[in-house]
Amino acid sequence: MSMEAELIRSLIRRPATLLYPFKRRPLIEGLRGKHTWDSERCIGCGLCARDCPAFAIEMIGTGPTAELKVDLGECIFCGQCEEGCPREAIKLTEFYELADPKRKNLILEFKRESV
Amino acid sequence: MPSTIKIPFGPQHPALKEPESFLFEVDGEYVVDVVPRIGYAHRGIEKALESRTYIQNLYLIERICGICSHAHTTCYTQAVEEALKVDVPSRARYIRTIVAELERIHNHYLWLGLLAHEIGFDTLFMYTWRDREIVMDLLERISGNRVQYAMNIIGGVRRDITPEVSSEITKGIEVLSERMKYYKKVCSDEKTMLARTTNVGVLKAKDAVSLCAVGPTLRASSVKRDVRADDPYAAYDEIPFQVVTNDGCDLASRVATRCDEVVESVGIIQYALDHMPKGSIEVIVSRVIPSDEVVSRVEAPRGENLHYLRSNETDKPARYKIRAPTLANLSALCKMLIGGYIADIPAVIAGIDPCFCCMDRLTFIDVNSDKTWNWKCDELRRHAIKWHKEQ
Amino acid sequence: MAQGAITFLLQIVVFPGFLFLVLAALFYEWLDRKFVARFQNRFGPLHTGPMGLLQPFADLVKLLSKEDIVPLAADKLLFSATPIFLATFPLLALFCVPIVENTALIAFEGDLIFVIFLSTLIIVSMFIGAWSSTSRFSTVGGVRACLQMLSYEIPMTVVMTGPVIVAKSLSLSKIVQWQSSGFWFVTTQPLGFCILSICLLAALQRIPFDIPKAETELVAGWATEFSGKKLALLKLAEDFELVLAGAIMTSLYLGGPSGFWFMPPFAWFMAKLTLCILILSNLRALFARFRIDQLIRGLWQYLIPLALFQIILVQLIPW
């Protein structure tokens, strides 16, 4: 019987459940979500692809013309690419709603703008 | 005709969150004997570790266990740093401590809810899991993820704790401490809860030591043993704290021990936040680890984690061995179950906070004869070569 | 004559008979779920209909459309008959409870015994269902259900004689009529009311007495093997039992549909029924589950003597 007071209090309180798809909570700063890539900064060293524990990053070409392909279906959002990047070219944003019925829509292909 | 019957429990059972099989021999309502059969959730992690670089392993190690992910990576980074002979900056050690203690709070809240659910106390389950959200949000604020924190890197930690985050943590842990004190009061006052926990799953101190129990399971049997105090790592040598013990030796004392540990953890976090040294949070280390052999120990929320590393001057470990706390507690669990009621089996199993997936390593089982055996590494290799030749 | 027969038929089928009772059962399941959810700081059913009001109905329809699996080793006939028994008995018992006016649809001297008998038959059919499904979990659950019945039924029956002795009748309708002066038995026999609530909680197999279908020990206990339409009927039966429990509490101790002021008797009955179900929901959220041996010991050691004490009190002070 020791919880009765707490039960009565809960009746008046707002339920703690977050009605997720209808209401979203504020984004927490620093969340590890979808990638962005800054082509200006990338030098194509390939460290991100080499260190990726899920083998989700593919670097197409080498050096300053290299382009990046990230498979979000494989990605485990550990942030090693961001951590290892010497030029801070690849970054994880706070966008996390990535579900998609098709796997190929989950592949991010970052292209360099043709000079 | 024998008066006992054999009842299989698992691998699929509503009380088990992960697959594991126990064969109970029961006499009426009493358990006479129990034989665990492990190996249902073997994931080949140790082998996978040998084929990945040290940096990639960091994230694989983290995924051994969803709940004590930080404890495993702390253990791993400690082993690698020891082999590298680098000193981690003390601010990084403090941050590791803070995240480890938040993780302990998270784990104990989760465990209390699960135990309550096993004995049908769903309201307590809902309440503890609601309050667990606070600590999960704090961890997300610090590290960027609710479960896989990825805070540790070899040579330090990845993110710093800023003053704003620090004040948020202070606010959050205060609530958590108050709530846990309330739950402890509920657990020690509520008659139905006491009926299901007192004198259930008794493990005497002598048995607990001789069966190598670890963590809160051991400390609830009034044995004062805690890696944080006995062999301090991270910043535990600079932070004053009590090792919580309880002399009830039963499920109720395991509840009390864990509740008190949460309150103690809150104290540790507060002290660490107040006394955090300034400075850098990581040192740059080489990718190649010199040849060495290291054993590293960490007090995970569930008990002592033991990692063994053998390196061979490459960027991949030559051998890596992990002993998760559940494996150490398993023989003690069998001791607790014997002599108890069948109806208490789920609660007692939940009482050691099992994580069978962390624990499962390779064993060989002949399904037809139910024979089990072990192989050494080279025996396994010989068998593999033979098998491939035959294919 | 013919008009009377048609009216009676309508009463049986529509109001306050079958159709009304089905709707009431679904409504009170919703209320129970919602209330427990709010106790646990959750929302409960929310999206189906206004405030999730249609959720129990949606669950019922969903289960009706699911695949109906009968275990190979099961006794087909008994296995299929169990859900029908289980849904019929509480429904039949509810016909004996006065709802709209002070006389029930089926009222005769001794219908209280008939109701108690039907409530026992519910457990017997549970056991038959458990036994015929030949599953390990079901068998243990069925045996536990019987053991539990042997423990709660004696104090329940004993305590029910309290109002019977004072009203000098074994008919629910007569007991209600006796209380219609506004003199409810809950005021004179509060102990009896508490004991009856506890026993009904055990009869309904709800926490802390949900031992026969302890989720973490026995999956769903005696109901493990039922699926599809059979499970739908079982769920409906459970709701009927909930309403029956509330209705028995209302009739015996709260004066049934009798009331005063401006409200019609039917509204009084619904209000009291709601109150009883709220009490049962509150108790459900408050406790952990007992072990079967603790339940039997507790009920025999404490509840039966208390129930006898209540009867002695009634004999000494005759109201």
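Sequence lines set the chain letters: A, B, ... in the order given, protein chains first and strands last, and positions in each chain run from 1.
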When every non-hydrogen atom of A/P53 is compared with those of B/R52, the smallest separation belongs to O-NE, 4.0 Å

Which heavy-atom pair separates A/R32 from B/A150 by the least distance, and what is that distance? NH2-CB, 3.7 Å

Does A/E94, at its CD atom, have more than 12 non-hydrogen atoms belonging to other residues, nucleotides or ligands within less than 6.0 Å? yes

Exceeds 12 heavy-atom contacts within 6.0 angstrom, atom CD of A/E40: no

Under a 4.5 Å heavy-atom cut-off, does chain A meet the side chain of [X], its backbone, both or neither?
| X | result |
| --- | --- |
| B/Y182 | side chain |
| B/Y54 | neither |
| B/E164 | neither |

Let's test your reading of the structure: which of [options] forms the most heavy-atom pairs below 4.5 Å with chain A?
| options | result |
| --- | --- |
| B/K185, B/E140, B/R141 | B/E140 |
| B/L124, B/I142, B/D137 | B/D137 |
| B/E62, B/R63, B/K191 | B/R63 |

What residue, out of A/S10, A/A54, A/G30, has the most heavy-atom pairs lying under 4.5 Å from chain B? A/G30

Looking only at A/G33, A/C78, A/A16, most heavy-atom pairs under 4.5 Å shared with chain B are made by A/C78

Using a 4.5 Å cut-off on heavy atoms from C-beta on, say whether the side chain of A/F55 contacts that of B/Q56. yes

Measuring only between side-chain heavy atoms, which start at C-beta, is A/M3 closer than 4.5 Å to B/M193? no

Measure the spacing between [atom1] of [X] and [atom2] of [Y] and express it to the nearest 0.5 Å.
| X | Y | atom1 | atom2 | answer |
| --- | --- | --- | --- | --- |
| B/T162 | A/E29 | OG1 | CD | 8.0 Å |
| B/R146 | A/I28 | CZ | CD1 | 8.0 Å |
| B/L58 | A/E83 | CG | CD | 9.5 Å |

Scan side-chain atoms only and decide if A/Q80 and B/Y59 contain a donor-acceptor pair under the 3.5 Å cut-off. yes

Contacting moiety of [X], where chain B heavy atoms sit under 4.5 Å:
| X | result |
| --- | --- |
| A/R25 | side chain |
| A/L7 | both |
| A/L31 | both |

Presence of salt bridge, B/R179 and A/E6, under 4.0 angstrom: yes

Taking disulfide bond (SG atoms under 2.5 Å apart) as the definition, give me every residue that meets it alongside B/C355, ordered by chain and number, with sequence neighbours left out. B/C358

Between A/I76 and B/Q148, does a side chain to side chain contact (heavy atoms under 4.5 Å, CB included) hold up when you go through it step by step? CA-CA 9 Å; A/I76 57 173; B/Q148 313 287 0; over 6 Å; no

Kindly indicate, with the supporting measurements, whether the criterion side chain to side chain contact (heavy atoms under 4.5 Å, CB included) is fulfilled by B/E133 and A/L18. CA-CA 11 Å; B/E133 286 297 308; A/L18 188 75; over 6 Å; no

